[in-house]
Amino acid sequence: MTSIAPVLLLSTALFAIGIYGVLSRRNAVGILISVELMMNAVNINLVAFSRWHGHHLGQVFAVFAIALTVAEVVVGLALVILLYRSQKDVAVDGASALKH
Amino acid sequence: MDPIGFGIVAACLLLSAMFVVSGKNLVHSVLWLAVTLATTAVLFVMLAAPFLAGIQILLYTGGVITLMLFGVMLTRRHEGVMIENESSPSRRLPAAFTSALLFGVVAGAIRKTENFPEGPPRQVSTQEIGNSFLTEHLLAFEVLSILLLAAMIGAIVVARKMDHGQERRPVRSRVPRAGEELTP
């Protein structure tokens with residue numbers, strides 16, 4: 001396979017699936033999982049371009065992206081636990097009550 | 001890259017991603033996410049990025065999935081492992097429409113683009129990545145480590161904060177000191 005287009009299509013499809021999950025889920029952990037899928041699609045893109053350009057920059061960026069994702073998951077799960085403590089439920093519909 | 005191998009990996013990725021967003025049980029969703037991330041590591045190996053494949057297995061399938069499972073288990077409402085993860089029916093159709101629209105637009109743009117880079121010229125070695133971290137991207141590297149520290153401290157602070165004393169138990173009074181009487 002000499003064209004990069006199939007890899008880009010694959011990552012686009014993964015990203016679209018992640019968008020669907022973010023928009024349709026009610027559970028906050030479910031939304032975090034879908035965001036993980038989208039981040040994963042982005043990483044595939046970065047690595048694919050790194051491969052086709054023969055340059056290391058794409059992989060360096062992918063490592064940064066992975067580290068940022070981990071930070072995001074940590075903070076997101078802490079917020080989910082806070083949401084659960086205050087509402088006994090992790091559906092995002094009532095999350096605006098966290099403002100106080 | 002072998003087209004057949006790529007097809008198999010792509011099919012596995014898309015199928016497991018579908019299961020992630022459509023599953024009714026949240027625990028199963030997390031486990032399917034683990035499958036997706038591990039398959040992505042395989043794809044990274046096929047894209048000649050073994051270092052990133054290792055990082056992916058270590059951080060994602062090792063760390064993030066464990067964290068997610070903890071998050072699921074800590075916030076469950078029911079006994080057993082069945083944790084409801086219903087997507088609301090009123091949102092399912094607009095969500096499917098939006099994601100299909102996004103996919104259509106981006107896929108059309110990819111098909112129309114002609115001047116993609118020509119073929120894989122050479123492999124990137126892990127040594128190059130490491131050198132790049134400690135020379136040209138040193139500042140970003142250090143900022144990232146500070147960000148990770150901040151995220152860790154922030155998560156601890158946020159998760160410890162109780163609201164209106166609902167569940168707050170003073171930590172100190174839980175263990176009676178020696179010689180102190182146990183009061184009910």
Side-chain angles (χ1 to χ4, degrees), chain A residues 1-10 12-21 23-27 29-30 32-34 36-37 40 43-44 47-48 50-57 59-60 62-64 66-67 69-71 73-75 77-82 84-86 88-90, chain B residues 1 3 6 10 13-14 17-18 20-21 26 29-30 33 37 40 43-44 47-49 52 55 59 63-64 67-68 71-72 74-75 85 87-88 91-92 95-96 98-99 102-103 106-107 110 116-117 119-122 124 128-129 132 137 144 147-148 151-152 154-155 158-159 161-163 167:
Chain A
M1 198 159 73
T2 52
S3 168
I4 195 177
V7 188
L8 297 187
L9 283 175
L10 172 67
T12 309
L14 275 180
F15 195 85
I17 292 173
I19 288 270
Y20 171 78
L23 291 179
S24 66
R25 286 288 195 219
R26 287 182 66 243
N27 190 316
V29 182
L32 266 181
I33 292 171
S34 306
E36 285 303 300
L37 270 184
N40 207 38
N43 284 340
I44 291 176
V47 174
S50 156
R51 170 80 173 124
W52 258 267
H53 280 291
H55 197 274
H56 59 265
L57 199 55
Q59 293 195 27
V60 172
V63 172
F64 282 141
I66 288 176
T69 312
V70 174
V73 167
V74 168
V75 176
L77 280 178
L79 285 175
V80 168
I81 289 172
L82 184 65
Y84 177 74
R85 280 216 187 106
S86 72
K88 295 281 163 241
D89 190 12
V90 283
Chain B
M1 196 162 62
F6 176 74
L13 261 179
L14 290 178
M18 292 277 192
V20 170
V21 294
L26 196 52
S29 277
V30 175
L33 181 70
L37 297 175
T40 308
L43 186 64
F44 283 170
L47 289 169
L52 267 175
I55 292 279
L59 274 186
V64 170
L67 269 179
M68 285 282 184
V72 172
L74 282 176
T75 58
N85 190 24
S87 47
S88 53
R91 283 188 211 162
R92 219 173 288 158
T98 310
S99 68
L102 179 89
F103 178 73
V106 180
I110 290 171
F116 276 134
R122 68 189 183 89
V124 174
E128 276 176 85
I129 302 171
S132 171
H137 301 109
L144 188 72
L147 178 93
L148 282 176
M152 195 168 71
V158 167
K161 194 168 122 196
M162 317 275 182
D163 43 316
E167 276 193 350

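Lettering follows sequence order; numbering is per chain, from 1.
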Notebook entry, point to check: From Thr98(B) OG1 over to Tyr20(A) OH, what is the distance, rounded to the nearest 0.5 angstrom?
Noted result: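 Those atoms lie 11.0 Å apart.
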Note to self: If I measure from the heavy atoms of chain B, does Leu77(A) come under 4.5 Å with its side chain, its backbone, both, or neither?
What the structure shows: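 For Leu77(A), the contact with chain B is made by the side chain alone.
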Next item on the list: Name the region of Ile55(B), side chain, backbone, both or neither, that has any atom closer than 4.5 Å to a heavy atom of chain A.
Entry: side chain
Checklist line | Between Leu10(A), Leu14(A), Leu32(A), Thr69(A), the one whose heavy-atom pairs under 4.5 Å with chain B are most numerous | finding: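 Maximum pair count with chain B is reached by Leu10(A).
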Next item on the list: Under 4.5 Å heavy-atom distance to chain B, tell me which part of Val73(A) shows up: side chain, backbone, both or neither.
Entry: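 The answer is the side chain of Val73(A).
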Checklist line | Non-hydrogen side-chain atoms of Leu47(B) and Trp52(A) separated by less than 4.5 Å | finding: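 Heavy-atom side-chain distance check passes, below 4.5 Å.
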Check: Can you name the residues that form a side-chain hydrogen bond (donor to acceptor under 3.5 Å, both in side chains) with His55(A), not counting sequence neighbours?
Finding: none
Margin query: Quick check on Ser34(A) against chain B: is it the side chain, the backbone, both or neither that has a heavy atom closer than 4.5 Å?
Written below: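 Side chain only.
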Checklist line | Residue part contacting chain A, namely of Leu144(B), when any heavy atom lies under 4.5 Å | finding: side chain
Item checked: Residue Leu57(A) versus chain B: region with a heavy atom under 4.5 Å ->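 It is the side chain, since no backbone atom gets that close.
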Next item on the list: Count the heavy-atom pairs under 4.5 Å between each of Gly154(B), Gly63(B), Ala48(B) and chain A, then report the option with the highest count.
Entry: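 Ranked by contacts with chain A, first place is Ala48(B).
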Notebook entry, point to check: Yes or no on side-chain contact (heavy atoms from CB on, under 4.5 Å) for Phe103(B) and Ile17(A), after CA distance, side-chain angles and deciding distance?
Noted result: CA-CA 9 Å; Phe103(B) 178 73; Ile17(A) 292 173; over 6 Å; no
Checklist line | Among Ala95(B), Ser132(B), Ala10(B), residue most engaged with chain A (heavy-atom pairs, under 4.5 Å) | finding: Ala95(B)
Notebook entry, point to check: When rounded to the nearest 0.5 angstrom, what is the spacing between CZ in Arg25(A) and CZ in Arg92(B)?
Noted result: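 Between atom CZ of Arg25(A) and atom CZ of Arg92(B) there are 9.0 Å.
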Check: Considering only heavy atoms, which portion of Leu33(B) lies under 4.5 Å from any heavy atom of chain A: side chain, backbone, both, or neither?
Finding: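 For Leu33(B), the contact with chain A is made by the side chain alone.
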Checklist line | Shortest non-hydrogen contact from Ala151(B) toward Ala71(A) | finding: CB-CB, 3.8 Å
Notebook entry, point to check: Where do Val21(B) and Gly21(A) come nearest, in terms of heavy atoms and distance?
Noted result: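 Where Val21(B) meets Gly21(A) most closely, the heavy atoms are CG1-CA, 3.7 Å.
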Notebook entry, point to check: Looking at Ala78(A) and Ala155(B), what are the two nearest heavy atoms and their distance?
Noted result: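 Nearest pair, atom of Ala78(A) first, then Ala155(B): CB-O, 3.5 Å.
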Item checked: Pairs of heavy atoms under 4.5 Å with chain B: top-ranked of Val70(A), Val74(A), Val47(A) ->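 Heavy-atom pair counts peak at Val47(A).
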Item checked: Side chain / backbone / both / neither for Leu43(B) at chain A, heavy atoms under 4.5 Å -> side chain
Next item on the list: Assess whether side-chain contact (heavy atoms from CB on, under 4.5 Å) is satisfied between Ile66(A) and Leu52(B), documenting all intermediate values.
Entry: CA-CA 9 Å; Ile66(A) 288 176; Leu52(B) 267 175; 3.9 Å; yes
Notebook entry, point to check: Do you know which two heavy atoms are closest between Ala67(A) and Leu148(B), and how far apart they sit?
Noted result: O-CD2, 3.7 Å
Next item on the list: Report the C-alpha distance between Phe6(B) and Val7(A) in whole Å, list the side-chain angles of each, state the deciding distance to 0.1 Å, and finish with yes or no for side-chain contact (heavy atoms from CB on, under 4.5 Å).
Entry: CA-CA 9 Å; Phe6(B) 176 74; Val7(A) 188; 3.9 Å; yes
Checklist line | Proximal component of Leu8(A), with respect to chain B [non-hydrogen, under 4.5 Å] | finding: both
Next item on the list: Working to the nearest 0.5 Å, report the span between CD1 of Ile129(B) and CD of Gln59(A).
Entry: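 Between atom CD1 of Ile129(B) and atom CD of Gln59(A) there are 4.0 Å.
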Check: Between atom CG of Asn40(A) and atom OG1 of Thr40(B), what is the distance when rounded to the nearest 0.5 Å?
Finding: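 Those atoms lie 3.5 Å apart.
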Next item on the list: Quick one: closest heavy-atom pair of Leu9(A) and Ala107(B), and the distance?
Entry: CD2-CB, 3.6 Å
Next item on the list: Show your reasoning for whether side-chain contact (heavy atoms from CB on, under 4.5 Å) applies to Ile44(A) and Leu13(B).
Entry: CA-CA 11 Å; Ile44(A) 291 176; Leu13(B) 261 179; 4.1 Å; yes
Check: Can you tell if the side chain of Leu37(A) reaches within under 4.5 Å of the side chain of Val20(B), non-hydrogen atoms only?
Finding: yes
